[in-house]
Every structure is written in C-alpha cells, then in structure tokens.
Amino acid sequence: MKFLRGWLASGRVRQAKKRLAADPSSRHYFELAHEHALAEDLDTALKVTAEGLRAYPGDAELSRLSDLFRSLALENRTRALTRELATAPRPALWREMCETLLDSGRYVRAEEAAAEWYRSLQTGEAQLYRARARAQRFFSDRRRDDGKMAFELADAAEKLLPGDPRPLDLRAEIAARAGVWSEARKDLARLLEIKPGDQAVEARFRMAVAMYEGPKTIDQALREVERSGHLADERRDKMLRTAHLEAEEKDDPAAAPARARPLLQAIARAPGVHAAFYLRGSTALVQGPKGPTAERMARSVREILLASRSAARKLGLGQACDVRLEGDFGTLLLTPGELGAGALWIAGEVTRRHEEGLRDLSAAASSAGGGA
C-alpha cells in the first residue's frame, strides 16, 4: 500500500509540474507545492512556495501555504530533536532545539527547554536562551512580570558568560523596547567596549542618548508598557502616526468621519445588526441607536474595549485582538485596531458578512486616512 501511495503521489507531482510549466501561475505553484507536501516532501514544497512568492510576491494563498509548511517542518524537526535529546543530550542539540522553538514562536516551550538544559549542564548559554525566550514573551504579551524576569535572566547569563556580548545585547534590546533608555545606554556603552567601531551598536547608542528624557526605573517602564499595551518603539511610531492624523484632521476635521460613515451605514444595514460603532480617538460614530442612547452605548463600548485590553495583559493572555460578549441582548463583537476600533451589536447568529464588515470597520478606524 505504501508503494502504491508513493507511486500515485509521484504521478500527481508530475502532472502538477506539467501544468506549471505550461502556465506558470500562482495557482499552479500552489498546486505543485501542495502535491509535494502530500508526498511528504516538505523541503521541496517550501522551495516551490518560495519560487512562487518570488514570481508572485504578496500572493495570499502562497504565503499561507508557505507559513503552514514552515510550521510543519519546524514541528518535525522539534520531534526529531526531542528523540535525540532523550538518548544523547549535548549542547549542540539543546541549542538547535531552543532556536527551532523560538523560530516557530513557541516561546513558553523554548523557555522550558532552556531551563531543562540549564538544570542538566548549568551553562551560561542555556541561561541566555531562557532570557531570550522570556524576552520574546514580553515583546509579544507586554506583561510586566515577563519583562522583569527577562532582565533578571539576562543579568544571570552575563555573569556566567563574562566578555560575551550576547547578554549585553539582549539587555540593551529589552531596555530600549521597554523605554528604559538610561539602562539601554549603559549596556550599549559596555557593548561598544567589547565591539569597538561596530556601526550598528553605535547607531543604537546614539538613539538611546537621543531618546533619554530623564530618570526612569525599569519597574516604572514595565508598568507603563503593561498599562498601555505598547512597547516604547511602538509608542514612538504611534505618536508619529497620530501627529500625522491630527494634522490631517486639523485641516479638515470632518474628513475622516465623513469617509467612514458610508461604510458604517452599509454594515448597519446587514441583517441582524442592531448597532454599528466606529471609534477613533475622541470620535465615536454610531448607526442604529439615536441621541443619548447612542452616546451611552458608545461610552460603554469604549470602556469594554479598554477593560478587555488591560485584563488580557494582566492575565497573561496576550493582546486582545477580538472581543466577543454574548447574552440575552444578542452578541457584541469588538475588533481593536492600533488607532481605533470597530464594534457590532448583533441579534441572532453571527455570519461571515458580519465578521468581514467588522474587520473593514476596524481597519477604517485605524488607517491613516480614517477610512477606505
């Protein structure tokens, strides 16, 4: 049976190659990569998707397939490394295991593997990987406790690896992204002593000097990140975008809401929608309820949004990407964006049309133009 499946798979691969040769379209790249995956040849499948994306950059289906194959390949390698570590553990395998888990975004598992490595061999490199994994958890979820632990683990790694630039580099990155510019400046100055003339480190040092706005403790900075849900570099980028928006809306205060209103009205006409909300800054547009009722509901939706973001971070759940409340009133869906949010109050079943409309509304509330 295995021979028969292999023979059939090879036949499908040959046919897919012929179709691609006759018509090198993104769809035929997709089909060939899929057939290689069915034949359990993930390496070739990844090469085909990479070739397809070079020919058709940005193709959504090829991008999704490439991400899936890469995830499967990393999972396969993780299983193989687990088997090898069970029989003959050694630093090279632990290192590859941690790198593989970090590459696949499995930060908790990466930290667990690094901790097991450290318990076995007590090496500084194991401690460094623990710090890297916890730092990635902090960058992802913005939890104060994760940031504090990442600093502590990086300190421990530095003590075990004297003269190694990697712990200092990691500490400087954590400090800069948390907004503790005084700490980042000190770490980068020490890093320049180890790597004099390094242009990338010099540029980071100049940035830390330029961004310094006064003394701030690590704990104060981490609390601010957890409260706001934004890292320091994200806050800086957001401030620049917000300034652009404010300048744009100062020239024409009605422009952004005016562009968003037709979209809001179209979504509100969808079957089952009681109310649709567009929130951005101090602006709140509501379709459905009128007068004081609309104002009260917009305030409530804004409060739910802020509370959900804060609770998600404090509970260690990460960023609140979608919020869904259900009850006798129906369903309230909220989709936060970076600069605004969209929300729908729906009676009955939530359909794909509702979800797509909500995504469009959230994108309009968060886009630089305020609407499509």
### Message
The criterion is salt bridge (Lys or Arg N to Asp or Glu O under 4.0 Å); which residues satisfy it with R299, sequence neighbours excluded?
### Response
none

### Task
Using side chain to side chain donor-acceptor pair (under 3.5 Å) as the criterion, list what pairs up with T44, not counting sequence neighbours.
D41

Which pairs of donor and acceptor atoms, one on a side chain in residues 191-203, lie under 3.5 Å apart (sequence neighbours left out)?
from, atom 1, to, atom 2, distance (Å)
D198, OD1, A200, N, 3.0
D198, OD1, V201, N, 3.1

## Note on the structure
By salt bridge (Lys or Arg N to Asp or Glu O under 4.0 Å), R109 pairs with (sequence neighbours left out) none

### Message
Run the side chain to side chain donor-acceptor pair (under 3.5 Å) test against R206 and tell me which residues pass, sequence neighbours left out.
### Response
none

### Query
Are the side chain of R177 and the backbone of A175 linked by a donor-acceptor contact shorter than 3.5 Å?
no

### R12-Q15 side chain donor-acceptor pair, cut-off 3.5 Å
no

### Query
Backbone N or O of R132 within a donor-acceptor pair of the R134 side chain at under 3.5 Å?
no

## Note on the structure
dist L222:CG -> E224:CD (nearest 0.5 Å) comes out at 10.5 Å

### side chain to side chain donor-acceptor pair (under 3.5 Å) involving R185 - partner list, sequence neighbours excluded
none

### Query
Sequence neighbours excluded, which residues qualify as side chain to side chain donor-acceptor pair (under 3.5 Å) partners of E326?
R324

### Task
Could you list the residues that satisfy salt bridge (Lys or Arg N to Asp or Glu O under 4.0 Å) with E96, not counting sequence neighbours?
R77

### All pairs passing salt bridge (Lys or Arg N to Asp or Glu O under 4.0 Å) where residues 50-65 contributes a residue, at least two apart
R27-E61

### Hydrophobic cluster partners of L81 (side-chain heavy atoms under 4.5 Å)
L85, L93, W94, M97, L101, L102, Y107, W117, L121, Y129

### H34: partners by side-chain contact (heavy atoms from CB on, under 4.5 Å), with sequence neighbours left out
L38

### Query
Who else is in L160's hydrophobic cluster (ILVMFWY, side-chain heavy atoms under 4.5 Å, direct or via others)?
Y118

